[in-house]
Amino acid sequence: MIEFDWKPDKNSQEPIYRQIVRYIRDKIAAGDWVIGSRLPSQRDMARAFGVNRSTVVTAMEELISYGILESAYGGGTRVKSNTWSLLMSQPPDWNKYIQSGPFRANLPAIQTINKLEFEPGYVRIGTGELAPELYPHELVAKIFRRMPEVIPHLGYLGPLGLPELGRVLSRRLARDEGIAADPSNILITSGSLQGLQLISVCMLKRGSRVYTEAPTYLKSLQIFQSAGMELCGVPLDREGIKFWEIKDASVSSLLYTIPTHHNPTGTVMSRERRKEVLQFSRTHRLPILEDDAYGKLWFDQKPPRAIKAEDTTGSVIYMGTVSKTMAPGLRIGWVVGPEAVVQRLGDVKMQTDYGASSVSQWIMTELLESGDYDLYLDDLRRELRARRDNALSALERYFRGMASWNCPSGGFYIWLRLHRRVSMDKVFSKALEAGILLNPGNMYDYRENHAIRLSYAYAEPEKLDWALRTLSYIIEKYDQKER
Ligand code: PMP
């Protein structure tokens, strides 16, 4: 569906309907709106343009009379543009092109979320990001001030990234996580998403399987599927993935896991389970991809050590990121693995983007070298814990008897499982109408569910409280209608 980000100029000499005709004609001539695409209803267009519906009707009639638009089957209008566009020099058939690349489109619900997150007026109760007010302005400003002296140049860097950053990460991985990794085992990436992308395109054959927890963050992405792989869900219990349910672990597959503060369920894999998973991986020569995006965000007690920390045979590839602890906009992540793997990924990275931003890498180096980062993390954990408590008590107040949920010991997420089988599409759209943007659990799962991924990291606590109260009414009301 076409969307508008333009309004006619009411002070112009040119009649408003003519301006609309010109705007639509130019959009089609430029190839922005392809043949066959549908325009919104006349009422929605009138609202978007800020004009009377009759003005839109006049403009539509004119465009239809030119043969630029036609009435669409099932109501509405769509772009026709045949004879007319021949006169104007025909644009390429972009529609055909944009559907031809191998990379799959995002799930429609995610496209909607990605767009609405940047529109004001919504309370975002599922966003996997720290609230803007938690951004450590002072700390970052201090680091930025040092940058002119610190940065010697901003040229390209080598395949593994900034050596200074590799060294500080190596020290910290040993000190904080018990992971022994030389700088030659560490690749700096543009966020951990890039780590996933690189692994999908250069380490696995088409047709390979990627086992994941069910549900999982990975299911909300199309990275592995676009590279011709199949994602296979493995159930979770309170201690983590039930790896023994993987029946056909073959050499051309991989186990992707988020053992600590799992996205979306908040689960922390027990120490015992980590050991067993690693043993299983060794026995079956099934590599593990350990995604530790949330590992530093524990509240009361440090979680068990990373699976990678016990990996003496090079079976585990480990990924970290600064996105959840501080600033996703830096786009800095790291992949830790056997040298041959890291070099291969680095080689493909050089052909993809020639390195993550050097500015971000220098900032990260300074940040990790300063003790300030650890102090900041202490504060952040306290703040997140308070937000978690607020979310839990709101759930107690509004969802008791209606849903079940976990009490996360860190990270961002509460997995809210509704007891009633309400349509999640309906809940999503009704919540939107009320000004609440939520992440339906379906997009993380392999089958229909009636869950919502809540995040207490983003919305302000009072707003989250309001949103949960409103959401409980919506579900209650809708459920009664259904019965
Ligand atoms: N892994 C997990 C588990 C995540 O939740 C996210 C962000 N939602 C990412 C990776 C990607 O993070 P980034 O690319 O910003 O490092």
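Counting starts at 1 for both ligands and their atoms, in listed order. Model, not experiment: these values are computed from the prediction.
Every atom of ligand 1 with a heavy atom of T321 under 4.0 Å away is listed here by number and element: 13 (P), 16 (O). Heavy-atom contacts of G191 reach the following atoms of ligand 1: 14 (O), 16 (O) (cutoff under 4.0 Å). Ligand 1 places these atoms under 4.0 Å from at least one heavy atom of N263: 4 (C), 5 (O). Proximity to R331 (heavy-atom distance under 4.0 Å) selects the following atoms of ligand 1: 13 (P), 14 (O), 15 (O). Each of the atoms 3 (C) of ligand 1 lies under 4.0 Å from some heavy atom of I258.
Both the backbone and the side chain of S192 come within 4.0 Å of ligand 1, judged by heavy-atom distances.
Atom 3 (C) of ligand 1 has D291 OD2, 3.4 Å as its closest protein atom, hydrogens excluded (heavy atom only). Closest to atom 9 (C) of ligand 1 among all protein heavy atoms lies Y217 OH, 3.4 Å. Among protein heavy atoms, the minimum distance from atom 8 (N) of ligand 1 is reached at K324 NZ, 2.8 Å. Looking from atom 5 (O) of ligand 1 to the surrounding protein, the closest heavy atom is Y294 OH, 2.6 Å.
Between the CD atom of Q197 and the CZ atom of F103 there is a distance of 5.0 Å, given to the nearest 0.5 Å.
In terms of polar-atom proximity, L193 is counted as a contact of ligand 1, with an N or O under 3.5 Å from an N or O of the ligand. Considering both main-chain and side-chain atoms, Y413 never comes within under 3.5 Å of ligand 1 through any nitrogen or oxygen pair. Close N/O approach between S323 and ligand 1 is found [any backbone or side-chain N/O within under 3.5 Å].
Applying the salt bridge (Lys or Arg N to Asp or Glu O under 4.0 Å) test between E310 and each of R271, R282, R305 identifies R305 as the sole match.
No side-chain donor-acceptor contact under 3.5 Å links T265 and R238. Using modelled atom types, one finds no donor on one side chain facing an acceptor on the other under 3.5 Å when comparing Y456 with D389. Judged by distance alone, the side chains of Q194 and T189 never bring a donor and an acceptor atom under 3.5 Å apart.
A cation-pi geometry, defined here as NZ or CZ lying under 6.0 Å from the six-membered ring centre and within 45° of its normal, holds between K219 and Y446. For the pair R385 and F299, the cation does not sit on the ring face, since its NZ or CZ is not both under 6.0 Å from the ring centre and inside 45° of the axis.
The aromatic rings of H137 and Y135 stand perpendicular to each other, their planes meeting at an angle above 60°, with 30° marking the opposite boundary. Classification of the F243-F280 ring pair by plane angle, with boundaries at 30° and 60°, yields tilted.
Residue M319 places every heavy atom at 4.0 Å or more from ligand 1. Put simply, no part of Q194 is less than 4.0 Å from ligand 1, judged by heavy atoms.
Between R381 and D300, none of the side-chain N atoms (NZ, or NE/NH1/NH2) sits under 4.0 Å from a carboxylate O, so this pair counts as no salt bridge.
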